[in-house]
Asks: 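Here it is, the structure in full.
These numbers come from the heavy atoms of this one structure, side chains and all, not from hydrogens, waters or symmetry mates. To find a chain, count down the sequence lines: A is the first, B the second, and so on, and within it residues start at 1.
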Protein chains: 2
Amino acid sequence: MSTQAATAAARRSKITPEREAELYEAVLRLLREGGYDAVTMEGVAARTKCGKATLYRQWGTKPGLVTAALAARRCAVFRGIDTGTLAGDLHEAARMASTRHAGDTELMEAVAQAYLQHPDLRTALRETVIAPEVAAIDAVVQRAVDRGEVAADNPAVAFVAPSLMGLLRIERLLEDRFPDASATRAFVDAVLLPVLRVDG
Amino acid sequence: MSTQAATAAARRSKITPEREAELYEAVLRLLREGGYDAVTMEGVAARTKCGKATLYRQWGTKPGLVTAALAARRCAVFRGIDTGTLAGDLHEAARMASTRHAGDTELMEAVAQAYLQHPDLRTALRETVIAPEVAAIDAVVQRAVDRGEVAADNPAVAFVAPSLMGLLRIERLLEDRFPDASATRAFVDAVLLPVLRVDG
């Protein structure tokens with residue numbers, strides 16, 4: 001932990017974990033509802049009946065508060081998948097993605113837009129929201145390579161995480177083509193497993 | 001053209017095409033800069049020195065104006081690609097995507113967020129922004145099927161457009177993995193062409 005992070009944690013320690021979770025939840029709700037611009041220190045203060053001065057003292061700036069709220073839910077959707085086969089793992093990833101989907105698409109879109117419009121947030125967002133998902137899928141593929149299911153030099157290896165995450169971001173825009181939640185699983189079977197040379 | 005569209009066109013006819021293009025450009029600029037919520041009739045009027053009453057009379061509502069502005073640039077990035085081979089076509093698509101990329105990512109993100117938050121815009125956005133791109137890529141794949149390059153029943157056929165469009169939306173979030181503009185071409189070579197059983 002950096003000195004800065006340690007200081008910030010010490011400052012936050014006056015707030016109970018329950019209260020902190022409540023504040024973060026309010027931030028994420030505002031993000032989902034109206035995007036990054038809809039999050040204001042005033043709005044968070046009003047929703048949580050927390051003093052605005054407290055918010056500024058604890059988190060410093062709006063980017064600081066938003067980043068902390070996103071980091072707190074850093075539970076990667078794809079983390080912890082390990083069924084023993086690549087097909088099993090990717091099917092499980094597809095299942096988890098469709099479960100999570102409804103709730104978090106708005107957040108993903110809000111984050112994506114903030115990412116483009118607010119360069120100061122990029123590193124924080126990438127580390128807290130994007131990187132953990134990519135790392136979790138990369139780990140699934142790496143285990144398949146280690147087991148000998150996939151050739152280490154298969155050039156498709158680098159694209160499993162990006163194509164899966166891209167598909168998740170696009171499928172809501174293509175809902176006439178993918179009317180049900182199984183599009184991701186179908187993509188795994190039709191594209192990823194064949195190109196990785198594994199039987200589905 | 002529907003009666004409604006014809007009426008709207010007749011009403012707009014008092015505005016010169018140049019003026020209309022200028023108004024639409026202002027709308028798209030506001031969309032890129034701040035998302036859908038940043039577009040207001042007031043803001044467009046101020047930027048273009050156009051009377052607010054004129055805007056309301058010509059386009060009726062903000063969703064009407066935004067949809068018209070998006071429809072006017074309905075030049076699908078992927079339209080008109082026809083090199084004679086699937087590999088050539090998909091490489092050309094990758095090239096065009098990276099060319100267009102810098103300018104239009106902000107617009108895509110703004111549209112994606114508006115899509116989720118404003119159900120009244122969905123049909124219009126899908127028809128004017130998403131569907132033409134999907135149709136253009138589908139046409140590329142269909143021609144490859146017609147030429148016998150790709151089996152018509154290859155299940156990957158349905159995923160060419162979605163995975164390509166998904167990758168384009170995600171690659172900015174993964175810029176450490178894809179630092180240059182050739183990620184889409186690499187995806188074509190590493191994933192799409194092999195899975196469609198065509199030599200790259």
Side-chain angles (χ1 to χ4, degrees), chain A residues 32-38 105-117 122-123 125-126 129-131 133-134 138 154-178 183-184 186-197 200, chain B residues 32-38 105-117 122-123 125-126 129-131 133-134 138 154-178 183-184 186-197 200:
Chain A
R32 279 191 200 96
E33 289 170 9
Y36 184 72
D37 292 338
T105 305
E106 283 79 4
L107 193 59
M108 267 288 256
E109 296 303 341
V111 166
Q113 179 143 5
Y115 189 89
L116 289 170
Q117 291 173 350
R122 286 192 195 182
T123 306
L125 291 175
R126 197 159 52 192
V129 180
I130 310 301
E133 301 291 2
V134 172
D138 280 352
N154 186 322
V157 157
F159 289 98
V160 177
S163 64
L164 216 42
M165 293 179 69
L167 192 75
L168 288 174
R169 293 204 57 213
I170 202 82
E171 66 180 355
R172 282 279 289 267
L173 297 176
L174 296 166
E175 57 201 1
D176 45 347
R177 180 166 301 197
F178 302 118
T184 314
F187 176 71
V188 167
D189 290 335
V191 177
L192 291 183
L193 294 177
V195 84
L196 293 167
R197 314 269 184 263
Chain B
R32 281 190 199 95
E33 289 171 9
Y36 184 72
D37 292 339
T105 306
E106 283 78 5
L107 193 60
M108 266 290 255
E109 296 301 340
V111 166
Q113 180 144 2
Y115 190 89
L116 289 171
Q117 290 172 352
R122 286 193 194 181
T123 306
L125 290 175
R126 198 158 51 193
V129 180
I130 311 300
E133 302 290 3
V134 172
D138 280 351
N154 186 324
V157 158
F159 290 98
V160 176
S163 63
L164 215 43
M165 294 179 68
L167 192 76
L168 289 174
R169 292 205 56 214
I170 203 80
E171 65 179 357
R172 282 280 288 268
L173 296 176
L174 295 166
E175 56 201 2
D176 45 348
R177 179 166 303 196
F178 302 119
T184 313
F187 176 71
V188 167
D189 290 335
V191 177
L192 291 183
L193 294 177
V195 83
L196 292 168
R197 313 267 184 267

Asks: What part of A:A38 is in contact with chain B, defined as an atom under 4.5 angstrom from a non-hydrogen atom: side chain, backbone, both or neither?
Replies: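 For A:A38, there is no contact with chain B at all, as no heavy atom is under 4.5 Å.
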
Asks: Using every non-hydrogen atom in the two residues, find where A:V191 and B:V195 come nearest and quote the distance to one decimal.
Replies: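 So the two residues come closest at O-CG2, 3.6 Å.
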
Asks: Identify the heavy atoms of B:S163 and A:L167 that sit nearest to each other, and give their distance.
Replies: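 Minimum heavy-atom contact is N-CD1, 4.4 Å.
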
Asks: Can you list everything that forms a ring pair (Phe, Tyr, Trp, His ring centres under 6.0 Å) with A:F159? Sequence neighbours excluded, please.
Replies: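 Checked A:F159 against ring pair (Phe, Tyr, Trp, His ring centres under 6.0 Å); matches are B:F178, B:F187.
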
Asks: What pairs with B:D138 under salt bridge (charged side-chain N to carboxylate O under 4.0 Å, His left out), at least two apart in sequence or on another chain?
Replies: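 Partners of B:D138 under the salt bridge (charged side-chain N to carboxylate O under 4.0 Å, His left out) test: A:R177.
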
Asks: Kindly give the heavy-atom pair with the smallest separation between A:A156 and B:A190, and that separation in Å.
Replies: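 Shortest heavy-atom contact: CB-O, 3.6 Å.
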
